[in-house]
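All remarks here apply to the structure that follows.
In each ligand, atom 1 is the first atom listed, and ligand 1 is the first ligand listed. As the structure is a prediction and not an experimental result, all values here were calculated from the model.
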Amino acid sequence: MPQKIIIDTDPGIDDAMAIHMAFADPRLEVVGLTTVFGNVTGKQATRNALCLAEMAHYPAAVAGGAETPMTREPQPPADFVHGPEGFGTLPAMRPTRMADTRNAARYLVETCAEAPGEIIICAVGPLTNLAAALALDEALTRTAARVVVMGGSAARHGNVTACAEANIWNDPHAADAVFAADWDVTMVGLDVTEKTQCIPADFEAIAAQSPVIGSFLNEATGFYFDFHEAKTGTRSCFMHDPSAIMAITDPELFGFENTPISVVCEGEEIGRTVTGAEGRRPVRVAMDVDSDVARRAFVELTGRADAVAGARRTEDGN
Ligand code: BDR
Ligand code: CA
């Protein structure tokens, strides 16, 4: 049986990579996508998630969620990383499908309650929806199988500030609530997500094999490569969100350490994840990754995206 997951996401270029990789992976059943502000506005995130599911003929539910952080002042969308509509220079796409009528928090609570212990929540955006879901019904800590978060860094290292990673920095209070809750959490942070990098030739290869979904990813990533090249001097990109999915499908590629995590919620270090917090349940923190194998697995899986989507379309007759 494939592993059921819900992806909580702010799509976003690397979110799109992660989602299409997950859609193409027969080891996963993506039950739903819940959306959150971050790389784009909340409304854009929902629209983009609907478009990604539609592109892959994937029957995942899409539930719209938080538009703003719990407590801190909202930050502008990261359009300088992901483009004005979320997918680089590509114009806004218009979905034909509708979102679920429930908001993301309620969707998470109710869907996990219907299949207790079966669904992994993989959060690759700010953690506002997860914190809202915990506030709505703390039984989620028992009905969700576990949580895998792309965010933070165990080393004192950041990508928005010197010590804060974007997803945590966007809503530090929510992230702190998620790390404080009594559930099984894995943190896949910059410690590993910056180690796995792809280059333009990887996306050209994916596009050659999957002319629809691969070409979409190839076109969207041009902008993402521009951002990374300006920052690092190298035309390669960090594989943030796909790494979180891979920590579910291919945990043997990672080295983990267990430590409780707390989040700095104000001041100069706002958004920093701090290891060794007292009185909290340990979080499984990814510290190492076999980045060559991870990169090749990403290219291979997303290269099959059109074939898998085509087979799904034939099965469903739509
Ligand atoms: C994270 O922030 C977002 O820009 C990316 O989609 C990823 O989830 C990386 O810091
Ligand atoms: Ca993301």
Taking the inter-plane angle between the rings of Phe216 and His20 on a 0 to 90° scale, is it parallel (under 30°), tilted (30 to 60°) or perpendicular (over 60°)? perpendicular
Measure the shortest side-chain to side-chain distance between Val274 and Ile261 over non-hydrogen atoms and say whether it is less than 4.5 angstrom. no
Please confirm whether the backbone N or O of Glu194 pairs with a side-chain atom of Gln197, one donor and one acceptor, at under 3.5 Å? yes
Short N or O contacts of ligand 1 with protein, under 3.5 Å, listed by atom name?
unit_1, atom_1, unit_2, atom_2, d
ligand 1, 2 (O), Asn167, OD1, 3.3
ligand 1, 4 (O), Asn39, OD1, 2.6
ligand 1, 4 (O), His82, NE2, 3.1
ligand 1, 6 (O), Asp14, OD1, 2.6
ligand 1, 6 (O), Asp14, OD2, 3.2
ligand 1, 6 (O), Asp15, OD1, 2.9
ligand 1, 6 (O), Asn39, ND2, 2.9
ligand 1, 6 (O), Asp241, OD2, 3.2
ligand 1, 8 (O), Val124, O, 2.9
ligand 1, 8 (O), Asn167, ND2, 2.9
ligand 1, 8 (O), Asp241, OD1, 2.6
ligand 1, 8 (O), Asp241, OD2, 3.2
ligand 1, 10 (O), Asn159, ND2, 2.8
ligand 1, 10 (O), Glu165, OE2, 2.4

Should the heavy atoms of other residues, nucleotides or ligands under 6.0 Å from CD of Glu268 be counted, would the total exceed 12? no
Please table the atom pairs, donor to acceptor, closer than 3.5 Å between any side-chain atom in residues 125-134 and protein atoms at least two apart or in another chain.
unit_1, atom_1, unit_2, atom_2, d
Thr128, OG1, Asp171, OD2, 2.8
Asn129, OD1, Ala66, N, 2.9
Asn129, ND2, Asp8, OD1, 2.9
Asn129, ND2, Thr35, O, 2.8

Would you please name every residue forming a side chain to side chain contact (heavy atoms under 4.5 Å, CB included) with Asn103, sequence neighbours left out? Ala105, Arg106
Counting only heavy atoms not in Glu29, do more than 12 fall under 6.0 Å of its CD? yes
Should the heavy atoms of other residues, nucleotides or ligands under 6.0 Å from CD of Glu73 be counted, would the total exceed 12? yes
Within the distance-only criterion (no hydrogens, no angle test), does the side chain of Asp202 pair as donor or acceptor with the backbone N or O of Ile199 below 3.5 angstrom? yes
Mind checking how many protein N/O/S atoms fall short of 3.0 Å from the Ca ion (ligand 2)? 5
